[in-house]
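We number each residue from 1, following the sequence as shown. A quick note: this is a predicted structure, and the numbers were derived from the prediction, not measured.
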Amino acid sequence: MTVEMREGYEGTGPGAITPDGCAVELYSRLTAGTEPDIIEAAVPAGARILELGSGVGRMTHPLLERGFTVTAVDESAEMLARVRGARTIRSTIEGLDLGEKFDVVILASFLVHTGDAEVRRGMLRTCAAHVADGGCVLVQREGADYHAKVPRERVDPGGYTVRILSVEPVGDGVNSVHAEYEFPDATWTQTFLARPLTPEQFEEALAEAGLEVAEYLTEDGTWVKAVPAIRLG
């Protein structure tokens, strides 16, 4: 199927660009950082994981190496073609219905902050529908100052520089974020829509999908462990 670029999203640089502005070659170069360690510490050894928005497998591959079984979901065939060792499923997150339950469902890459509130609701419903009883959903949130301290940059240990160049309001509480990734031999940019969520707004969004926070896994609150809410009566 052919998927057109989403309105408000854009990407530049070498290679294929996905509908949300992600460059396949860029994401093949990005490091996983500490994220697989955070996940490993929060879930049972050998858990069955559903990874939503897996991309090229930046986290998939380290999780496989740690002994987890991973089902990787992404809407981009070009992204999924780079995933090795995991079951792959091409689908939007909000449109996914596998009829299966998993020990762990992961919604990373700040996807919960998507500019479209209906898409966010669909994503969180997918998380709730696919998590097993006694299982958990791991969600990655933006940091508190993500939209505030701009422009900013950081140099990754992998040898590239990540810059958030601008954050511009576009209405309805949504911002247009313009990012740049500079490598010694190539530069990519990505423009995307993001909706800041206070902790209260984030927890309300979870509750709407039948989920609740079990714990914040990191001091900065960017990684959250959620579980199905207990229904009384």
Looking at [atom1] of [X] and [atom2] of [Y], how far apart are the two atoms once the value is rounded to the nearest 0.5 Å?
X      : Y      : atom1 : atom2 : result
Thr189 : Glu10  : OG1   : CD    : 6.5 Å
Gln190 : His178 : CD    : NE2   : 10.5 Å
Arg58  : Ser28  : CZ    : OG    : 11.5 Å
Arg48  : Lys101 : CZ    : NZ    : 12.0 Å
Ile39  : Gln140 : CD1   : CD    : 8.5 Å
Asp74  : Leu52  : CG    : CG    : 10.0 Å

With side chains defined as the heavy atoms from C-beta onward, is the minimum distance between [X] and [Y] less than 4.5 Å?
X      : Y      : value
Val70  : Ile106 : no
Leu124 : Glu208 : no
Val83  : His61  : yes
His113 : Leu111 : no
Asp172 : Arg195 : yes
Val43  : Asp103 : no
Leu80  : Ser54  : yes
Thr60  : Thr88  : no

Subject >> Tyr160 six-ring centre to Arg29 NZ/CZ under 6.0 Å and within 45° of normal >> reply: no
**OP:** List the steps and the verdict of side-chain contact (heavy atoms from CB on, under 4.5 Å) for Phe202 and Val112.
**Re:** CA-CA 8 Å; Phe202 169 71; Val112 73; 4.2 Å; yes
So if you build clusters from Ile, Leu, Val, Met, Phe, Trp, Tyr with side-chain heavy-atom gaps below 4.5 Å, do [X] and [Y] land together?
X      : Y      : result
Val119 : Val139 : yes
Val174 : Phe192 : yes
Val104 : Phe102 : no
Met123 : Leu211 : yes
Ile93  : Val24  : no

Original post:
In this structure, which one of Phe183, Tyr181, Tyr27 forms a ring-ring contact (aromatic ring centres under 6.0 Å, His included) with Trp188?
Top reply: Phe183
**OP:** State whether the side chain of Arg141 and the backbone N or O of Thr222 hold a donor-acceptor pair below 3.5 Å, judged by distance alone.
**Re:** no
Subject >> Charged N-O contact under 4.0 Å between Asp37 and Arg66 >> reply: yes
**OP:** Please determine if Glu25 and Arg82 form a salt bridge, counting it only when a charged side-chain N lies under 4.0 Å from a carboxylate O.
**Re:** yes
**OP:** I would like to know whether Leu206 and Val137 meet side-chain contact (heavy atoms from CB on, under 4.5 Å); could you show each step before the answer?
**Re:** CA-CA 10 Å; Leu206 289 181; Val137 178; over 6 Å; no
Original post:
Checking side chain to side chain contact (heavy atoms under 4.5 Å, CB included) against Val56, which of Met79, Glu78, Arg84 comes through?
Top reply: Met79
Subject >> Criterion side-chain contact (heavy atoms from CB on, under 4.5 Å) on His130 and Leu98, from CA distance to verdict >> reply: CA-CA 8 Å; His130 289 85; Leu98 295 179; 3.7 Å; yes
**OP:** Please list, chain by chain and in numerical order, all residues satisfying ring pair (Phe, Tyr, Trp, His ring centres under 6.0 Å) with Tyr146, sequence neighbours excluded.
**Re:** Phe110
**OP:** Quick one: do Asp116 and Thr114 satisfy side-chain hydrogen bond (donor to acceptor under 3.5 Å, both in side chains)? Show the steps, please.
**Re:** CA-CA 6 Å; Asp116 189 324; Thr114 181; over 6 Å; no
Subject >> Check against side-chain contact (heavy atoms from CB on, under 4.5 Å), Glu142 and Leu197 >> reply: CA-CA 8 Å; Glu142 295 171 343; Leu197 298 172; over 6 Å; no
